[in-house]
Amino acid sequence: MNQIHHIYKELLKKYGHQGWWPLLDVARKHAGKQPTKTGSVQGYHPGNYSYPQTDAQHFEICTGAILTQNTGWMNVEKALVLLADNGLLDPQSIVRADDTTLKQAIKSAGYFNQKAKKLKIFANFFLAEEKPTRKQLLSLWGIGPETADSILLYAYKRPVFVVDAYTRRIFSRLGFFDIDTDYDEIQALFERSLPPDYRIYQEYHALIVEHAKRCYMRTSTEPCFLERI
DNA sequence: CGCCAGGGCCTCA
DNA sequence: TGAGGCCATGGC
């Protein structure tokens, strides 16, 4: 087994199944669960890869992927709740919504002028295209590599590896590549090192985020168990 | 108070 | 193509 795959096994052994992606209605069912300090709620549906199960959940993941761009999940969740409460968490409603209402609902997620525009563009696309390709997503204004891959992986269950800042931080420090390496190059490394199983890709990304939040915050450089493997 | 989050676009060499 | 500026809120 190669090192990238081995590290996945180690992270899974240490942290367990993460139960991404957070979904509003699934979260409500787990209302008694303790939110983590990062705002994510561990174990929404750990080890259960059957989500999204409804059209609403499907669209919610896409919306969350856009709203979370450079933004903490707590602020995103507030925006998602407000969208839902205002009957705006579906593509038709977002297309029809007036800008002021839409911006007000997503205000907590920051960059609301840009993100309102992004949501409208994406909602239009969502209504027209049943099974988008990566190239199609990337052609949309406001959808870059990470957002496109998050949508493909978590909403469409496609085996594409999501590369984020945490992935760069952890694996560059472990010596796999330089922190400025191109997105596509890092993605290719992971995709050729792992079986093409969307469940592994979903879990690995979630584990990387969890591990980074515990051991790789900017302010702390305390050693991490991975560095001893 | 300053830092920064589950990025991406635009501009200018 | 790559570096730098810009977008914006809220938790800590």
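For clarity, every value in this text was computed on a predicted model and none was experimentally measured. Order of the sequence lines fixes the chain letters, A, B, ..., with proteins taken first and strands second; residue numbering starts at 1 for each chain.
dC10(B) sits 22 Å from dT9(C) when the C1' atoms are compared, rounded to a whole Å. With both ends at atom P, the span from dT11(B) to dA8(C) equals 16 Å, rounded to whole Å. dG5(C) and dG6(B) have their P atoms separated by 24 Å, given to the nearest Å.
Comparing Leu138(A) and Asp164(A) by the nucleotide of DNA chain B that holds the closest heavy atom to each, the one mapping nearer the 5' end is Asp164(A).
The aromatic ring of Trp20(A) sits over the base of dG6(B), with ring centres less than 5.5 Å apart and planes inclined by under 30°. Stacking between Trp73(A) and the base of dA5(B) is absent under the criterion of ring centres within 5.5 Å and planes under 30 degrees.
Taking both residues in full, the closest heavy atoms of Pro132(A) and Leu152(A) are given as O-CD2, 3.8 Å, listed atom of the first, atom of the second, then distance. Heavy atoms only, all atoms of each residue included: Gly64(A) and Trp73(A) are closest at O-CZ3, 4.0 Å.
Contact annotation: Thr147(A) reaches the phosphate of dG8(B) (side-chain N/O to OP1 or OP2, under 4.0 Å). In this structure, Asn113(A) reaches the dA8(C) phosphate: one of its side-chain N or O atoms is under 4.0 Å from OP1 or OP2. Contact annotation: Lys213(A) reaches the phosphate of dG6(B) (side-chain N/O to OP1 or OP2, under 4.0 Å). The side chain of Arg169(A) contributes no N or O atom lying less than 4.0 Å from OP1 or OP2 of dG6(B).
Residues Trp20(A) and Tyr154(A) bring their aromatic ring centres within 6.0 Å. Aromatic ring centres of His58(A) and Tyr156(A): separated by under 6.0 Å.
Whole-Å rounding puts the Ile106(A) CD1 to dG10(C) P distance at 12 Å. Atom CZ in Phe122(A) sits about 13 Å away from atom P in dG8(B), given to the nearest Å. Rounding to whole angstrom units, CD of residue Gln104(A) and C1' of dT9(C) are separated by 14 Å. Residue Ile151(A) contributes atom CD1, which lies 17 Å from atom P of dG6(B) at whole-angstrom precision. Atom-to-atom, OH of Tyr183(A) to P of dG6(B) comes out at 16 Å; the value is rounded to the nearest Å. Atom pair Lys118(A):NZ and dA8(C):C1' shows a separation of 12 Å (rounding to whole Å applied). Atom CG of Asn70(A) and atom C1' of dC3(B) are 12 Å apart (whole Å). For the pair Asn75(A) CG and dT9(C) C1', the computed distance is 6 Å after rounding to whole Å.
The structure places CZ of Phe177(A) at 7.0 Å from CZ of Phe171(A), a figure rounded to the nearest 0.5 Å.
Distance from the side chain of Pro22(A) is smallest to dG6(B) among dG6(B), dC10(B), dA8(C). Here the nucleotide nearest the side chain of Lys78(A), chosen from dC9(B), dG11(C), dT9(C), is dG11(C). Nearest nucleotide to the Lys107(A) side chain, out of dC9(B), dT9(C), dG6(B): dT9(C). When each of dG8(B), dA8(C), dG11(C) is scored by its nearest atom to the side-chain atoms of Met74(A), the top-ranked nucleotide is dG11(C). Closest contact between the side chain of Trp141(A) and the listed nucleotides dA5(B), dC10(B), dG8(B) involves dC10(B). When the nucleotides dG8(B), dG6(B), dC10(B) are ranked by their closest atom to the side chain of Val209(A), dG6(B) comes out on top.
Counting non-hydrogen atoms of other residues, nucleotides and ligands closer than 6.0 Å to CD of Gln104(A) gives a total of 12 or fewer.
Using a 4.0 Å heavy-atom criterion, one finds that Leu140(A) contacts the sugar-phosphate atoms exclusively. Ile143(A) comes within 4.0 angstrom of sugar-phosphate atoms only, judged by non-hydrogen atoms across all strands, and of no base. Residue Asp180(A) is classed as having no contact, given no heavy-atom separation below 4.0 Å to the nucleic acid. Residue contacts shown for Gln114(A) include a base, since a base heavy atom lies under 4.0 Å away. Within 4.0 Å (heavy atoms only), Gly110(A) reaches at least one base atom of the nucleic acid. Backbone-only contact: Phe112(A) has heavy atoms under 4.0 Å from sugar-phosphate atoms and none from a base.
Every side chain to side chain donor-acceptor pair (under 3.5 Å) that Tyr183(A) has, sequence neighbours left out, goes to Asp149(A). Under the salt bridge (Lys or Arg N to Asp or Glu O under 4.0 Å) criterion, Lys78(A) pairs with no residue, sequence neighbours left out.
Consecutive Watson-Crick or G-U pairs involving DNA chain C, each under 3.5 Å on both distances, make up stems of three or more pairs at B:2-5 with C:9-12, B:7-13 with C:1-7.
Checking side-chain atoms of Tyr49(A) against main-chain N and O of Gln202(A) turns up no donor-acceptor pair under 3.5 Å.
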